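The structure appears below as structure tokens.
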Protein chains: 2
Amino acid sequence: MLKMARKSRASGSSVENGSMEKQADRIVQTLKSKKLRVTPQRFAVYANLLDRTDHPTAEQILHDLNQNAPTSSQATVYTSLQALRDVGLVREVLLEEGVCRYDANIAPHHHFRCKSCGKIEDIAWEQFQGIDLQRLRSGLKVEDYELTVRGLCDRCDRAS
Amino acid sequence: MLKMARKSRASGSSVENGSMEKQADRIVQTLKSKKLRVTPQRFAVYANLLDRTDHPTAEQILHDLNQNAPTSSQATVYTSLQALRDVGLVREVLLEEGVCRYDANIAPHHHFRCKSCGKIEDIAWEQFQGIDLQRLRSGLKVEDYELTVRGLCDRCDRAS
DNA sequence: TCTTAAATAAGAATTATTCTGAGTTTATAG
DNA sequence: CTATAAACTCAGAATAATTCTTATTTAAGA
């Protein structure tokens with residue numbers, strides 16, 4: 001139905017089609033390196049996630065992709081996200097009840113969530129060097145950890 | 001339908017009914033101090049949560065309460081948990097997709113979750129003194145924060 | 001180009017949670 | 001006490017997020 005996503009994505013931004021092509025190739029290579037078949041839908045989901053920093057839900061990604069023309073089904077967005085998660089290209093972020101958000105930034109980092117507007121913001125890993133996991137009680141084998149900070153973002157803090 | 005929960009809970013453990021009574025009174029006082037009406041169902045939900053450290057889901061609590069005789073409906077467990085959360089007596093713990101777990105330990109602490117068996121364990125707050133929230137970028141007003149640690153618990157680590 | 005394992009789509013199914021509306025219980029004032 | 005209103009409970013319907021099912025399509029290697 002769809003031609004390769006890398007072709008169908010060429011429009012949109014008016015400048016830098018050259019670098020967009022390069023970015024598309026990078027994505028293709030990344031997917032292949034993880035032994036994932038490069039399908040238009042999977043490509044689109046990953047490209048969309050790489051393109052934003054707002055930790056969208058599956059539903060938001062779906063809506064975004066189908067904005068102009070239908071390109072992907074609900075089920076496919078979910079399975080694409082699962083596949084990308086399984087190979088470690090995206091990670092799930094659990095900050096609210098009920099929904100699962102996704103993040104293509106897999107470098108270790110922490111999260112801040114505004115209690116008022118719900119906005120999520122990354123916090124650089126280096127800001128919390130003090131954490132010393134050696135002090136964990138013996139027996140637990142730590143694989144990763146993450147700090148969740150809640151409060152008010154600047155905008156909501158000013159408004160209140 | 002039920003007589004006051006503090007009465008109907010008296011059986012069960014064979015020892016220390018005296019101290020159970022005291023515990024029940026404490027719960028009643030706690031609820032009253034938060035201006036919550038002390039109903040058998042609400043009492044039971046809170047008592048159940050205080051009695052365990054495994055961060056159950058709403059469904060698990062419901063099942064537990066209705067084990068012998070039906071004492072509470074699904075909807076009521078949910079609204080009880082909401083009420084308790086709203087006054088700060090329990091907190092939600094979000095460590096997995098899809099479900100919301102509850103914790104009556106409201107003292108600040110962190111969480112460990114075993115990636116293999118899903119077991120959740122508390123981590124004492126003092127174990128991570130190093131965290132310095134002053135270093136957060138200005139503008140964000142921090143209200144609380146929590147560390148989520150993932151890995152293997154001793155049991156699963158040994159098994160693997 | 002052929003082949004085929006892997007991926008997609010549409011809709012049904014499942015799961016967790018919330019809502020609705022009617023009937024109960026409880027605190028409190030009279 | 002008794003009346004009253006507000007708060008609470010319940011069963012079942014409704015909603016929302018996600019997964020499953022099955023037939024069809026497709027990417028990519030031989």
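The model shown is predicted, which means the values in this text are computed figures rather than measured ones.
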Legend entry - salt bridge (Lys or Arg N to Asp or Glu O under 4.0 Å) partner of B:E96, the single match among B:K115, B:R113, B:R150: B:R113
Closer than 4.0 Å, any side-chain N/O of [X] to the OP1 or OP2 of [N]?
{"X": "A:S73", "N": "C:dA9", "answer": "yes"}
{"X": "A:T76", "N": "C:dA9", "answer": "yes"}
{"X": "B:Q74", "N": "D:dT9", "answer": "no"}
{"X": "B:T39", "N": "D:dT9", "answer": "yes"}
{"X": "A:R42", "N": "C:dA7", "answer": "yes"}

Legend entry - 5' precedence on DNA chain D between B:L36 and B:G98 (nearest-nucleotide basis): B:L36
Legend entry - Closest to side chain of A:Y78, choosing from C:dA9, D:dT18, D:dT9: D:dT18
Inset, instruction - May I ask you to say whether B:K34 pairs ionically with B:D86, meaning some side-chain N is under 4.0 Å from a carboxylate O? - result: no
Legend entry - Charged N-O contact under 4.0 Å between A:E146 and A:R91: yes
Legend entry - No-hydrogen, no-angle side-chain donor-acceptor test under 3.5 Å, A:E121 and A:H111: no
Inset, instruction - In whole angstrom, give the distance that lies between atom CZ of A:F43 and atom P of C:dA6. - result: 23 Å
Inset, instruction - Please work out if B:T57 contacts a base, only the sugar-phosphate, or nothing of the nucleic acid, heavy-atom cut-off 4.0 Å. - result: nothing
